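Quick notes on the structure that follows.
Every chain is numbered from 1 and lettered A, B, ... according to where its sequence line falls, protein lines coming before strand lines. Treat the numbers as computed from the prediction; the structure is a model and nothing was measured. The analysis underlying the following values was restricted to heavy atoms, covering all of them including side chains, and did not include hydrogens, waters or symmetry mates.
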Protein chains: 2
Amino acid sequence: MAELSLPELDPAGDRAVFRQIADHIRDAIGRETLREGDKLPSEAQLMQHYGVARMTIRNALQVLQSEGLTVAEHGRGVFVRSRPPVRRLASDRFARRHRDQGKAAFIAETEGAGGKPSVDSIRITEVQAPVEVAERLRLGEGDSVISRSRRYLINGQPVETAVSYVPAEIARGTRIEQPDSGPGGIYARLEELGYQLDHFVEEIQSRMPFRDEVRALKLAPGVPVFRLVRTAYAVDGRPVEVCDTVMSSDAYLLSYELPAR
Amino acid sequence: MAELSLPELDPAGDRAVFRQIADHIRDAIGRETLREGDKLPSEAQLMQHYGVARMTIRNALQVLQSEGLTVAEHGRGVFVRSRPPVRRLASDRFARRHRDQGKAAFIAETEGAGGKPSVDSIRITEVQAPVEVAERLRLGEGDSVISRSRRYLINGQPVETAVSYVPAEIARGTRIEQPDSGPGGIYARLEELGYQLDHFVEEIQSRMPFRDEVRALKLAPGVPVFRLVRTAYAVDGRPVEVCDTVMSSDAYLLSYELPAR
DNA sequence: TAGTGGTCTAGACCACCTA
DNA sequence: AGGTGGTCTAGACCACTAC
């Protein structure tokens, strides 16, 4: 602990002791006295330094963890969380010129950035459209859709889960029902089927992940997720696909261009 | 507690007791046995029901709170968190037709949705451009910018903070330096000054809020924020403004249209 | 005043990691 | 084996809210 030298507690202030301790450590991280990957003093050392009970120290560490600033590793220590390289999603990523290259957007981009893309957990089923999907596809309740769910990884690290829905009427019996949807992905298949794509609408929300999302994306505590729902529209105005994705928020930066006119 | 009837603990499973308890309550919320605004059983009731110590119950409740599912109110109880109405930001919100109506985007939209918009904490200063801003505005270090910071509220509830940066060379001596930037906001002023706007680029990230953001936006525990940085480009390609905003993620849904061509 | 959550103590035993 | 964090107990006193 000699190297860190955290301040003393302020006994006068009415701010709770565990909050003061969290403040000290947070400040040290902010000033980069503690940097990404650095190990914090152990709980025992912090108890010693501040002269408080263990639960008080653990409360302080809990605060930092839920802020996404630190991660605890059982048996090793508590560390300043390091952020993975950010993947930028630009708004032209579904432009036809990319589709024509014969690779799905994710593969093309990841390789372009020097990463090793992979896709797993591919599951294809025909189901009744969930309400949110039916609304976006302008289907009635009970209408069925082909659902393609999969998980995207970069260098073996999961970053995104996605479920695509295409009206069964369109996709049944086509390659969209196959695990490998072929060169250019399902958007290329849709165009081959005569549904020339016109535009997409992406709707973005952010929230803390559900339990299954924490598992599927191997999320650290204190990391929110983006939920991005993309609807693809054909030139005649008909929505032909909905893609519901959940992304680790610290793996992505989303970028969009908006007209000013 | 009679009305809730949570399951018993599974003594065989190796899942921690406080996690099992959190699971039970989370399930009850998921099934809508507990609905938005409902009060959870008190800590004392839960101790009684499960026959465990208070810290075990508090650990379970802490889990739910950091997932954004519940909020504790001192002296009152723990409640299922209710989500405020979501404000949808569409990608045409800076279209000229809105600007020409003489209202800034925020005011026009909020009134359109039946809310009462307000803006406070307006502070205008001339400063050296922060690095991230200088890069986006293609300024050198040391170049100064006019910074306009303010906070947006809907029905008195803060939802967003924003700081705009305009090169001082452009804004100095203009109404952009005034607290009330006039009809149509600063984008209208920039156009009057001869910088006809062509497009915007918005970059979106999500993370847990800093302490000052929790205060400024009155954020509940477990609520992440969007950070949205918008750069405005004039028709000659010159970036003329950067706006750095932080938004409560549960007050917003962002929506963008992307071309497919 | 009674009930609620907020903070803190002082222990205990366990599981995991490193050496 | 020794150090680390993970879980849990059984108390205590306090601050806030409702009645």
Side-chain angles (χ1 to χ4, degrees), chain A residues 1-2 4 8-25 34 37-66 69-81 211 214 220-222, chain B residues 1-4 8-25 34 37-66 69-81 214 220-222:
Chain A
M1 264 270 294
L4 190 53
E8 303 295 316
L9 292 174
D10 170 13
D14 55 358
R15 187 161 176 77
V17 172
F18 78 92
R19 291 188 199 283
Q20 292 186 48
I21 296 173
D23 292 347
H24 294 172
I25 300 173
L34 283 169
D38 283 359
K39 186 174 177 304
L40 269 58
S42 73
E43 295 179 353
Q45 288 171 320
L46 290 168
M47 286 167 67
Q48 172 82 27
H49 176 79
Y50 287 109
V52 298
R54 187 169 171 218
M55 280 308 299
T56 305
I57 297 297
R58 284 184 62 79
N59 265 331
L61 295 174
Q62 167 62 42
V63 168
L64 298 171
Q65 172 150 318
S66 73
L69 293 174
T70 60
V71 282
E73 297 185 29
H74 197 167
R76 302 214 321 124
V78 178
F79 300 83
V80 179
R81 194 157 73 82
R211 276 226 304 143
V214 171
Chain B
M1 265 269 294
E3 66 286 38
L4 189 52
E8 303 294 317
L9 292 174
D10 170 13
D14 54 358
R15 188 161 175 77
V17 172
F18 77 91
R19 291 189 199 282
Q20 291 185 49
I21 296 173
D23 291 347
H24 294 170
I25 300 173
L34 283 169
D38 283 359
K39 186 174 177 305
L40 269 57
S42 72
E43 294 179 354
Q45 288 171 319
L46 290 168
M47 286 168 67
Q48 172 82 27
H49 176 78
Y50 287 109
V52 298
R54 186 168 171 219
M55 280 309 299
T56 305
I57 296 298
R58 285 184 62 80
N59 265 331
L61 295 174
Q62 167 62 40
V63 168
L64 299 171
Q65 173 149 317
S66 72
L69 293 174
T70 60
V71 282
E73 296 184 31
H74 197 170
R76 301 214 322 125
V78 178
F79 300 83
V80 179
R81 196 158 72 82
V214 171

Q. Once you round it to whole Å, what is the distance between P of D/dG3 and NZ of A/K39?
A. 12 Å
Q) In whole Å, what is the span from the OH atom of A/Y50 to the P atom of C/dT7? A) 17 Å
(Q) So A/R15, base contact, sugar-phosphate only, or nothing? Heavy-atom distance under 4.0 Å. (A) nothing
Q. Between B/P221 and B/Q65, which heavy-atom pair has the shortest distance, and what is it?
A. CG-NE2, 3.3 Å
Q.
What is the distance, to the nearest angstrom, from the CD atom on B/Q62 to the C1' atom on C/dT7?
A. 13 Å
Q. So among A/V17, A/N59, A/L46, which one has a side chain to side chain contact (heavy atoms under 4.5 Å, CB included) with A/V52?
A. A/V17
Q. From the list D/dT7, C/dG5, C/dA10, which nucleotide is the closest neighbour of the side chain of A/A53?
A. C/dA10
Q) Within less than 4.0 Å of OP1 or OP2 of D/dA18, is there a side-chain N or O belonging to B/R76? A) yes
Q) When A/L61 is tested against each of A/I25, A/T56, A/T70, A/L69 for side chain to side chain contact (heavy atoms under 4.5 Å, CB included), which residue passes? A) A/I25
Q) Counting only heavy atoms not in B/E73, do more than 12 sit closer than 6.0 Å to its CD atom? A) yes
Q: Starting from P on D/dT7, measure out to CG on A/L61 and report it in whole angstrom.
A: 14 Å
Q: May I have the distance from B/M55 (atom CE) to C/dG11 (atom P), rounded to whole angstrom?
A: 17 Å
Q. Taking only side-chain nitrogens and oxygens of A/S42, does any of them come within less than 4.0 Å of OP1 or OP2 of D/dT4?
A. yes
**Q.** Short side-chain N/O contact to C/dT9 OP1/OP2 from A/R54, under 4.0 Å
**A.** no
Q: Could you work out which one of C/dG5, D/dG5, C/dT7 sits closest to the side chain of B/H74?
A: C/dG5
(Q) For B/L40 and A/G75, find the nucleotide of DNA chain C closest to each by heavy atoms; which residue's nucleotide sits nearer the 5' end? (A) B/L40
Q: Report the residue (A/E73 or A/F18) whose heavy-atom-nearest nucleotide on DNA chain C is the more 5′ of the two.
A: A/F18
(Q) With a 4.0 Å limit, can you tell me whether B/T56 has a side-chain N or O closer than that to the phosphate oxygens OP1/OP2 of D/dT9? (A) yes
**Q.** Among D/dG5, D/dT7, C/dG6, the nucleotide that comes nearest once only the side chain of B/R58 is considered
**A.** C/dG6
Q: Round to the nearest Å and state the distance from A/M47 atom CE to D/dG5 atom P.
A: 11 Å
Q. Shortest non-hydrogen contact from B/R76 to B/K39?
A. O-CE, 3.2 Å
Q: For A/L46 and D/dG5, give me the distance from atom CG to atom P, rounded to whole Å.
A: 8 Å
Q: Round to the nearest Å and state the distance from A/N59 atom CG to D/dT7 atom C1'.
A: 14 Å
